[in-house]
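Every value quoted in this text rests on a predicted model; they were computed, and no experiment measured them. So that the names make sense, note that chain A is the first sequence line, chain B the second, and so on, each numbered from 1.
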2 protein chains.
Amino acid sequence: MMEKDQFEDGIWLYCSNSAVRRAARQLGQLYDDAMGDTGLKGTQFSLMSQIARSGESTLKRLAEIMVMDLSALGHTLKPLLRDGFVELIPDEKDRRVKRVRLTDAGAAKQRELTARWTVAQDHFDKAFGKEKSEELRRTLAFISSPEFARAFSGGDEIRGPVPPKGQG
Amino acid sequence: MMEKDQFEDGIWLYCSNSAVRRAARQLGQLYDDAMGDTGLKGTQFSLMSQIARSGESTLKRLAEIMVMDLSALGHTLKPLLRDGFVELIPDEKDRRVKRVRLTDAGAAKQRELTARWTVAQDHFDKAFGKEKSEELRRTLAFISSPEFARAFSGGDEIRGPVPPKGQG
DNA sequence: TCTATTTAGTGGCATATGCCAGTAAATTCC
DNA sequence: GGAATTTACTGGCATATGCCACTAAATAGA
């Protein structure tokens, strides 16, 4: 009955933003649990993993591919820098540019957390289906793409004066 | 080419948590843009809309159906309470319990923002496809469900000692 | 009835995220 | 070459989110 309420009464069935946010909260909690008392969260693990994968990427580039505001990325890196898991390196050609990489300690931590992530990911696949999981991730990647954003923003009409179109 | 990198180099193609988070960031930005200079964000609109829909729900219940930590809900309500869009009402039978509803000002604001939300939602449907949107929202609702969380956590093995299963 | 346990909410602390303003550096334009 | 414009990053402010500790109230158990 309680679960029935969830499926019938929620704006998340009508609003895509809310639906994605709500799912993000659920998964965020589950993946944070998976990290246990390691001192880091699921999101920090993800960030470190992407840093490792991108290989000394510039901050701007990293923020772009993660579809994240540059200053937000800077903020989010703070604890990782503070704890010595990540370091910033100046670019050789452009003094404005910073590059980011894992420290040795960071790489070791990332490996430790990968073991926990693997368990969580297996659990996700078990609960949702492995192939459906891959399909879902591709779908979400499309939604996260510049292509989608362009299609969403079309003629930029939501950025200009908005003619009232209320339901109310 | 840059977009190609996005599709080929990101952990979001392998990690469901990251994928949902990244999509949430994209949509968060787009729906926030849709709210324009109204003084409220997409998330606040969603919260007010769900409050309206739930009808004087208890805080605990609201947090549950939104798959949100109760204290997080309390925090998130603060600016809405402060600005008079939302009010808390004591429960008649249990002095611990608070119920939440929109004020008249809040209801008016919610109607105003609904007009903007409708535009954004139309844009989402245009970019993604209306029927695919509905399907995606159902999928995300399943992921957000207690049923999914139970299947994910089944046996609670990630809550206990975690045997190393590293990739590293 | 009384004690032990559970529950609903609050505040604190910390990370996650985004807009904005400002500075220094690079690029563009005349 | 010099001025105007754009770019990359940093810090500030505010909301978003979650764990934790605590208090008051309700419930469960003896």
Protein-nucleotide distance (B/Lys41, atom NZ; C/dG18, atom P), rounded to Å: 9 Å
Separation of C/dC19 C1' from B/Gln44 CD (nearest whole Å): 13 Å
Sugar-phosphate only, base, or nothing, as touched by B/Leu70 at under 4.0 Å among non-hydrogen atoms: base
Cluster link B/Val97 to B/Leu70, ILVMFWY, side chain under 4.5 Å: no
Test item: B/Arg22 side-chain N/O and A/Ile65 main-chain N/O as donor-acceptor pair under 3.5 Å: yes
side-chain contact (heavy atoms from CB on, under 4.5 Å) partner of A/Met68, chosen from B/Gln26, B/Arg25, B/Arg21: B/Arg25
Base-contact (B) and sugar-phosphate-only (S) positions in nucleotides 21-29 of chain C, heavy-atom cut-off under 4.0 Å, - elsewhere: ----BS---
Whole-Å gap separating C1' (D/dG11) and CG (A/Leu73): 15 Å
Of A/Thr58 and B/Thr76, the one whose closest DNA chain D nucleotide lies more 5': A/Thr58
Short side-chain N/O contact to C/dG9 OP1/OP2 from B/Lys98, under 4.0 Å: no
Sugar-phosphate, base or nothing in reach of B/Arg99, heavy atoms under 4.0 Å: nothing
Length of the line joining B/Ile89:CD1 and C/dG9:P, which is rounded to integer Å: 12 Å
Salt bridge B/Arg150-B/Glu147, side-chain N to carboxylate O under 4.0 Å: no
Phosphate-side-chain proximity, A/Arg82 and C/dT15, N/O vs OP1/OP2 below 4.0 Å: yes
Upstream residue (5' side of DNA chain D) when B/Ala72 and B/Pro79 are each assigned their closest nucleotide: B/Pro79
Between D/dA25 (C1') and B/Asp91 (CG): distance, integer Å: 12 Å
Spacing between B/Gln29 atom CD and C/dA16 atom P, to the nearest angstrom: 16 Å
N/O (side chain, A/Arg21) to phosphate O (OP1/OP2, C/dT17) under 4.0 Å: no
B/Glu135/B/Lys132 ion pair, N-O < 4.0 Å: no
Criterion side chain to side chain donor-acceptor pair (under 3.5 Å) on B/Thr114 and B/Gln110, from CA distance to verdict: CA-CA 6 Å; B/Thr114 298; B/Gln110 197 268 344; 3.3 Å; yes
Atom pair distance, as rounded to whole Å: CG in A/Leu40 and P in C/dA14: 15 Å
Nearest-Å distance for atom pair CG/P, residues A/Leu59 and D/dG11: 12 Å
Between CZ on residue B/Arg53 and CG on residue B/Leu102, distance to nearest 0.5 Å: 13.0 Å
